[in-house]
**Q** 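Here it is: the structure, laid out below.
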Amino acid sequence: MATQRVLPQSKETLLQNYNKRLKDDIRSILDNFTEIIKTAKIEDETQVSRPTQAEQDHYEMHVRAANIVRAGESLMKLVSDLKQFLILNDFPSVNDAISLQNQQLRSLQEECDKKLTSLRDEIAVDLYELEEEYYSSRYK
C-alpha cells in the first residue's frame with residue numbers, strides 16, 4: 001500500500017487484537033516445542049523411578065503437542081478472520097475494481113456504438129442506392 005489510510009478506532013483495536021493473537025499463538029508454539037525438546041533429554045539421576053519419569057514425560061509431551069495443535073488451529077482461525085476483515089473492510093480496492101469494470105464496460109459500449117453507427121450509415125447508403133435504382137427503373 002503506497003498510502004497509509006487512517007482506520008477508525010474500532011478497526012485499529014481489532015487489528016491490534018489480531019496482532020496480539022498472532023504473537024501469543026506463535027509464542028505458545030515456540031514455548032511448547034522448546035519444552036518438548038527439553039523433556040526428550042534423559043536425566044541421569046532423579047528422585048522418581050525411570051518408568052514413572054518416562055510416563056510423566058510422555059504425558060507432558062502429549063499435553064504440549066496438544067497445545068501446539070491448538071495454537072496452530074488458532075492461527076488458522078486468525079488467517080480466516082484476517083481474510084474476512086480484508087474482504088469486508090477493504091473498500092478502496094473494491095471501489096477500484098468496480099471503477100475498472102465500469103471503465104471496461106464503457107469502452108465496450110463506445111466500441112459497439114461506433115460499429116452500430118457505421119453499420120447504420122452503410123445501410124442508409126445502400127438503401128438510398130436501392131431506392132434510387134427502384135424509382136428510376138421502368139419496372140416499378
Side-chain angles (χ1 to χ4, degrees):
M1 292 183 203
T3 61
Q4 184 164 352
R5 295 186 294 262
V6 177
L7 296 173
Q9 188 63 30
S10 62
K11 290 181 184 177
E12 189 67 35
T13 304
L14 187 61
L15 289 176
Q16 287 174 353
N17 183 23
Y18 289 157
N19 197 18
K20 182 184 179 314
R21 282 174 49 193
L22 174 69
K23 289 179 181 179
D24 289 346
D25 289 338
I26 289 177
R27 186 178 312 112
S28 174
I29 290 173
L30 182 63
D31 290 346
N32 283 299
F33 187 75
T34 303
E35 290 301 317
I36 287 175
I37 298 299
K38 287 180 185 176
T39 305
K41 293 181 182 177
I42 298 175
E43 296 181 18
D44 294 332
E45 291 295 320
T46 60
Q47 294 178 346
V48 182
S49 67
R50 277 203 188 269
T52 306
Q53 183 66 39
E55 191 62 34
Q56 181 181 351
D57 291 346
H58 180 74
Y59 177 71
E60 183 180 351
M61 285 184 186
H62 275 284
V63 170
R64 295 206 178 269
N67 287 342
I68 290 173
V69 169
R70 184 210 48 81
E73 289 174 348
S74 177
L75 285 173
M76 289 176 20
K77 174 72 171 123
L78 177 64
V79 168
S80 174
D81 290 348
L82 284 171
K83 286 179 181 179
Q84 183 178 7
F85 176 82
L86 184 63
I87 289 170
L88 295 177
N89 295 308
D90 194 14
F91 295 117
S93 68
V94 171
N95 289 340
D96 291 344
I98 290 171
S99 297
L100 179 63
Q101 182 71 16
N102 280 343
Q103 184 181 10
Q104 290 172 345
L105 291 174
R106 288 194 193 282
S107 66
L108 181 64
Q109 179 186 6
E110 289 174 7
E111 184 181 326
C112 289
D113 287 345
K114 287 178 184 177
K115 287 181 181 178
L116 285 172
T117 303
S118 67
L119 186 61
R120 182 198 65 196
D121 292 343
E122 289 175 17
I123 290 174
V125 168
D126 290 342
L127 181 61
Y128 179 76
E129 290 174 1
L130 287 173
E131 285 177 345
E132 202 172 87
E133 184 67 31
Y134 174 74
Y135 292 122
S136 66
S137 125
R138 60 184 172 129
Y139 299 109
K140 59 176 182 170

**Q** Given the rule that I, L, V, M, F, W and Y join up when any side-chain heavy atoms are under 4.5 Å apart, are Ile87 and Leu78 in one cluster?
**A** no

**Q** Using 0.5 Å steps for rounding, measure from the CG atom of Leu82 to the CG atom of Leu14.
**A** 8.5 Å

**Q** With rounding to the nearest 0.5 Å, note down the distance linking CG in Asp57 to NZ in Lys41.
**A** 13.0 Å

**Q** So, the side chain of Ser28 versus the backbone of Asp24: is there a donor-acceptor pair under 3.5 Å, distance only?
**A** no

**Q** Please report the interatomic distance CG(Asn17) to CD(Glu12), rounded to the nearest 0.5 Å.
**A** 12.0 Å

**Q** Looking at Tyr18, I'd like to know if its OH atom is crowded, meaning that more than 12 non-hydrogen atoms belonging to other residues, nucleotides or ligands lie closer than 6.0 Å.
**A** yes

**Q** Which side-chain hydrogen bond (donor to acceptor under 3.5 Å, both in side chains) pairs, counting each pair once, include a residue from residues 72-83, with sequence neighbours left out?
**A** Arg21-Asp81, Asp25-Ser74, Lys77-Asp81

**Q** In this structure, are over 12 heavy atoms from other groups packed under 6.0 Å from Gln103 atom CD?
**A** no

**Q** Please give the remaining members of the hydrophobic cluster of Val63, linking ILVMFWY side chains under 4.5 Å, ordered by chain and number.
**A** Tyr59

**Q** Is it true that Met76 and Leu30 fall in one hydrophobic cluster, defined by side-chain heavy atoms closer than 4.5 Å?
**A** no

**Q** How many angstroms lie between atom NE2 of His62 and atom CZ of Arg64, to the nearest 0.5 angstrom?
**A** 14.0 Å

**Q** Do Phe33 and Ile26 land in one hydrophobic cluster if side-chain heavy atoms of ILVMFWY residues count as linked below 4.5 Å?
**A** yes

**Q** Would you find more than 12 non-hydrogen atoms of other residues, nucleotides or ligands less than 6.0 Å from Glu131 atom CD?
**A** yes

**Q** When the side chains of residues 114-129 are checked against the rest of the protein, which donor-acceptor pairs come out under 3.5 Å, sequence neighbours left out?
**A**
from: Lys115; atom 1: NZ; to: Glu111; atom 2: OE2; distance (Å): 3.4
from: Thr117; atom 1: OG1; to: Asp113; atom 2: O; distance (Å): 2.7
from: Ser118; atom 1: OG; to: Lys114; atom 2: O; distance (Å): 3.4
from: Ser118; atom 1: OG; to: Lys115; atom 2: O; distance (Å): 2.9
from: Tyr128; atom 1: OH; to: Glu132; atom 2: OE2; distance (Å): 3.0

**Q** Test of understanding: clusters of I, L, V, M, F, W, Y form through side-chain heavy atoms closer than 4.5 Å, transitively. Do Leu75 and Val69 belong to the same one?
**A** no

**Q** Measuring from atom CD of Gln53 to atom CD of Glu55, what distance do you get when rounded to the nearest 0.5 angstrom?
**A** 11.0 Å

**Q** Hey, could you give me the CG/SG distance between Leu105 and Cys112, rounded to the nearest 0.5 Å?
**A** 10.5 Å

